[in-house]
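Since we're looking at a predicted model, the values are computed, not measured. Sequence positions, counted from 1, serve as the residue numbers for this chain. These values consider heavy atoms only, across backbone and side chains, with no hydrogens, waters or symmetry-generated copies. Atoms within each ligand, like the ligands themselves, are counted from 1 in listed order.
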Amino acid sequence: MSMKVAKIVDLKTGANLVDPLTPQLKVYALALLQTYPALDAVDVYIYQGGLQPAVRYARDDLLAFGYQVAVAAEQALEPSTRPVPGAKQCQWCPARSICTARAVHVLSQAGERMGLADLAGALPVAQHVAAWADDVQARAKDALLKGATVTGYKLVEGQARRKWRDDALEVLERSGLETDQFTQTTLLPITAVERALGKKVAAPILAMVTEKPPGSPVLALSTDPRPQIAGGQFEDF
Ligand code: SF4
């Protein structure tokens, strides 16, 4: 009898390459086995700039992994278990904006004035602090929007730009005004042209009339696959 093998293909759009052996995909495979218990194996793939080779998980391997996950999940729910905060594990956690352990961890890492030599260690902390601050602000905003009280805070209208009403041109024409003074001919967004003409037809035309200016410098890990922008001489202050 032939083996029953299911396939999972995970499309990754991030710049950091994901290892196909990541436990994340193994959890997907386990979930599939629970949904279709007759499976003999699950092949998992990552599609990230191309299809990566498959990793096969046999049924017994997945069941053993499922047992480990269940034990770990049970332990995590024990009242005596202490949370272990950190940038990586907290970033997707649903409790990230209410977790006391994370707040204490983040605030305990605020440092003194630092020199360049300290920056490498401080940057991941800074990113974690910034992510935590965003989560806390988002939670406060959400609570206020739902009518809750956050002592000392309220929601106000942010800045908004004036914009033309949908019927502006019509009203101007009806008013007998010279609409040339109010309109101009502009190029459509490049993506709109691609949609209208189709990418194949648009490509050679766009190659003649578009350019890509260099992007603003962005801080990235040294393992990031994008090439480094040449830096200049700089003295610590
Ligand atoms: S936010 Fe709290 S509960 Fe969630 S992963 Fe971080 S430490 Fe654990």
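For a distance threshold of 2.8 Å, the protein N, O or S atoms nearer than that to atom 2 (Fe) of ligand 1, listed by chain and number, are Cys99 SG.
For the pair Asp61 and Lys26, the salt-bridge criterion is met [side-chain N within less than 4.0 Å of a carboxylate O]. Looking at Lys4 and Asp40, no side-chain N of the basic residue comes within less than 4.0 Å of a carboxylate O on the acidic one, giving no salt bridge.
More than 12 heavy atoms of other shown residues, nucleotides or ligands fall within 6.0 angstrom of atom CG in Leu63. For Leu187, the CG atom counts as loosely surrounded, since its 6.0 Å shell holds 12 or fewer non-hydrogen atoms of other residues, nucleotides or ligands.
Classified by interplanar angle (parallel below 30°, tilted 30° to 60°, perpendicular above 60°), the ring pair Phe182/Trp164 is perpendicular.
Linking ILVMFWY side-chain heavy atoms closer than 4.5 Å, directly or via other members, places Leu62 and Leu32 in a single hydrophobic cluster.
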